[in-house]
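Here is the structure we will look at, set down as structure tokens.
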Amino acid sequence: MPELPEVETALRGVSPYLDGFTIEKITVRQPKLRWAVSPELVELKNVKILALGRRAKYLIIHTEKGYIVGHLGMSGSVRIVPHDSPIDKHDHLDIVINNGKLLRYNDPRRFGAWLWTEDLDEFHLFLKLGPEPLSDEFNAEYLFKKSRKKTTALKTFLMDNAVVVGVGNIYANESLFLCGLHPLKSAGNLTRKQCGLIVDTIKTVLTKAIEQGGTTLKDFLQPDGRPGYFAQELLVYSNKDKPCPKCGTKIESLVIGQRNSYFCPHCQKKK
DNA sequence: AGTTGAACCTGAACGC
DNA sequence: TGCGTTCAGGTTCAAC
């Protein structure tokens, strides 16, 4: 489900109900997620939340004892509900707050994760992550150097978390369309100029998507229950056989690196 | 070292 | 209506 804008939206939605409050306890109903839920979470009692943050698509709850690291996987979501709210199917975990509310995590496919670490810098899942797409570290020179000698398809390259984090299937497709670059173009053949265009476009697309509360394809909801509004602006993603917004040519689709890809064969050239 | 694809899981949508 | 098949917003890890 969620790419960076959806995770950022979720974080902003839940923060006012968590930040500065105390976690009374964490209830786990289904520990079998992408990885087993860290046992430390169940042991937590009455710990103060110091701050909330995000790294890549991970939510981070900084407590006085350590860090809760959450991931929404493909189908996960979080919402804020009262303590006595009835439990729905796939409501796997609750973080109970001392303000009458709790953060409830629902995830049908269970590709998400809830883990514990006392040292974020040593956290194993963070070690190989590339820069944040909205940071200055993600710039034309970086992308140019990183892409040298890579034979991978450009789209696969951009979705690689070791290159840049947070760019999932929707925004990779949308960004490449806006750049006029073919998703199968070999990453190693990019020019400096093209790298600059890609960097600028990704930043613009992600920023705009965050402003609109993310993309709702079918089941993503902001924590307040509203959908994301970016879906109304999707130019190519899931629009196979529809006319290209720029030239009217039928949008094509192609599986690249196990993920469906959408592009305009006229506007997006391999060269 | 770089690249590819199997695996994790449920449910909605589609074809017959 | 029912049943089998395909596909889905992510990511790791094993095997070429």
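Just so it is clear, the model here is predicted, and its values are computed rather than measured.
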Sorted by number, residues from residues 85-95 of chain A placing a heavy atom under 4.0 Å from DNA chain B are A:Lys89, A:His90
Going by side-chain hydrogen bond (donor to acceptor under 3.5 Å, both in side chains), name the pairs with one or both residues in residues 43-53 of chain A, residues two or more places apart or in two chains. none
Under a 3.5 Å distance rule, please check whether A:Gln194 uses its side chain to pair with a backbone N or O of A:Thr191 as donor and acceptor. yes
Under 4.0 Å between a side-chain N or O of A:Tyr237 and OP1 or OP2 of C:dG9? yes
Can you pull the ring pair (Phe, Tyr, Trp, His ring centres under 6.0 Å) pairs that have at least one residue in residues 241-271 of chain A, sequence neighbours excluded? A:His182-A:Phe263, A:Tyr237-A:Tyr262
Euclidean distance, atom CG of residue A:Leu33 to atom C1' of B:dT10 [Å, nearest integer]: 13 Å
Show me the pairs that pass salt bridge (charged side-chain N to carboxylate O under 4.0 Å, His left out) and involve residues 13-41 of chain A, at least two apart or across chains. A:Arg29-A:Asp94
Base, sugar-phosphate or nothing for A:Thr151? Non-hydrogen atoms, less than 4.0 Å. sugar-phosphate
Fellow cluster residues of A:Leu50, listed by chain then number, with links counted only when side-chain atoms sit under 4.5 Å apart: none
Whole-Å distance between C:dG9 P and A:Ile210 CD1? 19 Å
Is A:Phe111 stacked on the base of B:dC9, with ring centres under 5.5 Å apart and planes under 30° apart? no
With sequence neighbours left out, what residues match A:Arg259 under salt bridge (charged side-chain N to carboxylate O under 4.0 Å, His left out)? none
Check this one for me: any side-chain N or O of A:Thr152 less than 4.0 Å away from OP1 or OP2 of B:dT3? yes
Provide, to the nearest angstrom, the distance between the NZ atom belonging to A:Lys155 and the P atom belonging to C:dG10. 9 Å
Within this structure, what is the NZ-to-C1' distance between A:Lys146 and B:dA1, rounded to whole angstrom? 12 Å
Could you give all pairs that pass the salt bridge (charged side-chain N to carboxylate O under 4.0 Å, His left out) test and reach residues 108-136 of chain A, with sequence neighbours left out? A:Arg54-A:Glu132, A:Arg55-A:Glu132
With sequence neighbours excluded, tell me which residues meet side-chain contact (heavy atoms from CB on, under 4.5 Å) with A:Ser186. A:Asn189
Taking atom C1' in both B:dA12 and C:dT11, what distance in whole Å separates the two? 23 Å
Between B:dC14 and C:dG9, how far apart are the two P atoms, rounded to whole Å? 16 Å
Spacing of A:Leu234 atom CG relative to C:dA8 atom P, expressed in whole Å: 14 Å
Contact list for residues 128-156 of chain A, test ring pair (Phe, Tyr, Trp, His ring centres under 6.0 Å), sequence neighbours left out: none
With a cutoff of under 4.5 Å between side-chain heavy atoms, which Ile, Leu, Val, Met, Phe, Trp and Tyr residues group with A:Leu120? A:Trp35, A:Tyr58, A:Ile60, A:Tyr67, A:Val69, A:Leu115, A:Phe123, A:Leu125, A:Phe126, A:Leu129, A:Val165
Whole Å only: how far is the CD1 atom of A:Ile170 from the P atom of C:dG9? 7 Å
Classify every nucleotide of nucleotides 11-16 of chain C by which part a protein heavy atom approaches to under 4.0 Å, writing B for the base, S for the sugar-phosphate alone and - for neither, in 5'-to-3' order. BB----
Could you tell me how far apart A:Arg109 (CZ) and C:dG9 (P) are, to the nearest whole angstrom? 9 Å
Distance, nearest 0.5 Å, that separates CG of A:Asp107 from NE2 of A:His92: 5.5 Å
Dot-bracket for DNA chain C, please. Rules: Watson-Crick or G-U, both distances under 3.5 Å, ( ) within the strand, [ ] when a pair crosses earlier ones, | for another strand, . otherwise. .|||||||.|||||||
Determine the Euclidean distance between corresponding P atoms of C:dT6 and B:dA6; express it in Å to zero decimal places. 14 Å
Would you say that more than 12 heavy atoms from the other residues, nucleotides or ligands in this model lie under 6.0 Å from the NZ of A:Lys250, or not? no
In whole angstrom, give the distance that lies between atom NZ of A:Lys150 and atom P of B:dT4. 12 Å
